[in-house]
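To start, the structure itself, in structure tokens.
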2 protein chains.
Amino acid sequence: MTSDQTPAQRLPTLEDVAQVAGVSRATVSRVINNIRNVDPQLHKVVWDAVTATGYVPNRAARSLVTGRTGAIALVVSEAENRAADDPFLGRFFSDPFFGRVVGGVLSVLRPSGVHLALVLAGDEDACAKVVSDVRQGQVDGVVVLSLHPHDPLPRMLADAAVPAVLYGRPAAPMPISYVDVATYQGAKLAADHLVARGCQHVATISGSVDMPAGVDRLNGFREAMAKQGVAYVPSYDGGFTQEGGERAMERLLAEHPEVDGVFVASDVMAQGAMMVLRDHGKTVPDDVAVIGFDDSSAALSSRPPLTTVRQPVEDMAAEMARLLLTRIDSRANRTTSVIFDPDLVLRASA
Amino acid sequence: MTSDQTPAQRLPTLEDVAQVAGVSRATVSRVINNIRNVDPQLHKVVWDAVTATGYVPNRAARSLVTGRTGAIALVVSEAENRAADDPFLGRFFSDPFFGRVVGGVLSVLRPSGVHLALVLAGDEDACAKVVSDVRQGQVDGVVVLSLHPHDPLPRMLADAAVPAVLYGRPAAPMPISYVDVATYQGAKLAADHLVARGCQHVATISGSVDMPAGVDRLNGFREAMAKQGVAYVPSYDGGFTQEGGERAMERLLAEHPEVDGVFVASDVMAQGAMMVLRDHGKTVPDDVAVIGFDDSSAALSSRPPLTTVRQPVEDMAAEMARLLLTRIDSRANRTTSVIFDPDLVLRASA
DNA sequence: TCGGGAGCGGAGAGCGCTCTCCCTTTGTGC
DNA sequence: GCACAAAGGGAGAGCGCTCTCCGCTCCCGA
């Protein structure tokens, strides 16, 4: 089975293109990679030959010599002990957030021809594997969705000085790139809006306070309310889950029945909170105004549609990809972070 | 900068392992790939050398010679014209379904070391690119989430006779592998349950009737009801969206106020339908029993929790991956399909 | 006119791996 | 004791590409 017998099977190589163009492999390579000056006339001849042959570079061959794979990994890390009946996959992937990140990352990767590989890191061993994967050149770098404050992965990546970008500031300061949203600013938007609305008794349902997002949203809101002259804001921990939001709202209503405005640190919790409000015969926003955080799909599907602090997830994800590609390209080991401004999206709930 | 000066930089190669084990590259390769008989004693020596050196095969080099990439793509295909203000990414990726599929596929891929690359195909050009990608060996095969009945991608893949597995039966018969759920059987579970509950006036909210899932769920339900002696079942098209489910329920209530049982062809539509029922002062399940389809996260977060026909998404996705790997491995061009049995998950809504 | 430098293109050496040959060794049957 | 088979292991040829040398050609200034 020689190449002559099965011309349709064999893909064109640089050599083929070179032959058609009447130049050497090296020249074709230079044209393909836009490297050094090639005579414009020759340049065109080569391109014509490329299109004529339908040539596409062989990734593997290129990787072999450059030492780059042209692929990055999206790592979803939840290194924590879990009950066997509470499988990781179902829980996290059911969250729309994941898909939005993928979309944002891909929008940057696609034009540059870089592949996005999906990797799950469910425990510390898996994290170690991620680090060794990028050191062994399985992928050129990683963008990380780290779901828990005690996740060891960010630290491991920072220590290994491997190209990596996190979504969200790491729980502890460390030399690693990340993108994040200006949480304090977002919490301030919510606080100012509730006050402007005339809410007299404002409370908040916070996320897990061991997570940076949880702490910042709580403190940012309290600080902004203080600036508005409200020294005390009752707060209840909803743990970033819908059920947690429900429980927190129950407690809030029990202990502060006069509440007329709530800042909830995530849309999902807000959804739960609004269900409880309805169960208690309270109307939103007339009896109680509710503001969420994230602008996830939950904000739109809730009743009434949720006024919320928008986190530009797709933009942030795209920036992660850009930061990572730059880092890989420069080969320098420098960390960069980008903070995005949040918006207040006005819907019906406040 | 020779290898001696930067030992930490250079990764161990087959050659290094061979040297440590005192054998040839070929033998190490045989051991690594479990090929031909190698003397068990030597086998052990080689493995020891592998662990001692920390050797990991170089993907690119292997790909180059085998012609396989060790990667498959998960293609999300929505080849249809879209309004610019209704971006594809946001809409589909916000659906938890996507993540569940990813999880299922990865559970199979991870043990075999195959990478999963994410690819979006938003228009026909992108579909063509997918086909050429796999023909050009960018990936070894594809698993496809095709979102629209008129998506050209399945046909293109079938015509190209490329390794591919679809999630869900294609809209038109064609030689391509797929996994699916036994829809008729699922619809029958719902019908029988509603009848057993004593519902006298049963209706259904269908999905888009130009999609196989839409048609089958509708026809399967009607057929099962007919077997139960109910010749006529009013149906309204909800188009598989929450808003569509709301509108369909409004119409249903207007035209058949006596309805006391509804089979809704997706959980998301059911969620909308139940909101409308509540708005109309109907309680679920006492006034109207509601059964959904999919067992998505919407079924759990709705009020009350939704009784629904469970589609084992993770299992089906895992089977997709298995079918694809088998197909790639055998190099034979044979299509296989696997149909999964649905379950009725009893919750509060019926 | 000539030297030198810049610009452009070619030759060729691998990158790390698999796989086909082929040689060596050992086992087996007569 | 010998022919032959079978099986284990080694040598070496590439897979398709990039990239470093190196040489050629041209142009410019002295």
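Both backbone and side-chain heavy atoms feed into the values below; hydrogens, waters and symmetry mates do not. A quick note: this is a predicted structure, and the numbers were derived from the prediction, not measured. So you know, we letter chains A, B, ... as the sequences are listed, proteins then strands, and number each from 1.
No side-chain heavy atom of Arg334(A) sits less than 4.5 Å from a side-chain heavy atom of Arg327(A). Val139(A) is not listed as a side-chain neighbour of Ile72(A), based on a closest heavy-atom distance of 4.5 Å or more. Under the 4.5 Å side-chain criterion, counting only non-hydrogen atoms from C-beta, Leu109(A) is in contact with Leu325(A). The side-chain heavy atoms of Val56(B) and Leu11(B), taken from C-beta on, include no pair separated by under 4.5 Å. Side-chain atoms of Arg322(A) and Val179(A), non-hydrogen and from C-beta on, never get closer than 4.5 Å to each other.
Following rounding to the nearest Å, Ile32(B) (CD1) and dC17(C) (P) show an atom-to-atom distance of 9 Å. Rounding to whole angstrom units, CZ of residue Arg62(A) and P of dG16(C) are separated by 18 Å. For Asn34(A) and dC19(D), the CG to P distance is 13 Å, given to the nearest whole Å. dG9(D) atom P lies 15 Å from atom CD1 of Ile35(B), rounded to whole Å. In this structure, Asn58(A) places its CG atom 6 Å from C1' of dG16(D), rounding to the nearest Å. Protein atom CD of Gln136(B) is 14 Å distant from nucleotide atom C1' of dG16(D), rounded to whole Å. In this entry the distance linking CD of Gln138(A) with C1' of dG16(C) reads 13 Å, nearest Å. In this structure, CG of Leu11(B) is placed 8 Å from P of dG16(C), rounded to the nearest angstrom.
In plain terms, the two heavy atoms of Ile176(A) and Pro170(A) that are nearest each other are CG2-CG, 4.0 Å. Here the closest heavy-atom approach between residue Ala318(A) and residue Ser107(A) is recorded as CB-OG, 4.0 Å.
Between the axis at the start and the axis at the end of the helix from dT1(C)-dA30(D) to dC30(C)-dG1(D) there is an angle of 40°, using five pairs per end and rounding to 10 degrees.
Atoms CG and CZ, from Leu120(B) and Arg110(A) in turn, are 5.0 Å apart once rounded to the nearest 0.5 Å. Atom CD of Glu314(A) is separated from atom CZ of Arg100(A) by 4.5 Å, given to the nearest 0.5 angstrom.
The Ala61(A) side chain lies nearest to dG16(D) when the options are dG16(C), dG16(D), dC19(D).
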Table of protein N/O atoms under 3.5 Å from nucleotides 5-8 of chain D N/O atoms:
from   : atom 1 : to       : atom 2 : distance (Å)
dG8(D) : OP1    : Asn37(B) : ND2    : 3.3
dG8(D) : OP2    : Asn37(B) : O      : 3.3
dG8(D) : O5'    : Asn37(B) : O      : 3.2

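Residue Asn33(A) places at least one side-chain N or O closer than 4.0 Å to OP1 or OP2 of dT18(D).
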Open item on the list: Between Gln138(A) and Asn58(B), does the side chain to side chain contact (heavy atoms under 4.5 Å, CB included) criterion hold? Intermediate values first, please.
Closed with: CA-CA 8 Å; Gln138(A) 302 285 341; Asn58(B) 178 312; over 6 Å; no
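Taking every heavy atom of residues 18-30 of chain B and every atom of DNA chain D, pairs under 4.0 Å involve Val23(B), Ser24(B), Arg25(B), Ala26(B), Thr27(B), Arg30(B), by number.
For the residue pair Thr53(A) and Asp16(A), no side-chain donor N or O sits within less than 3.5 Å of a side-chain acceptor on the partner.
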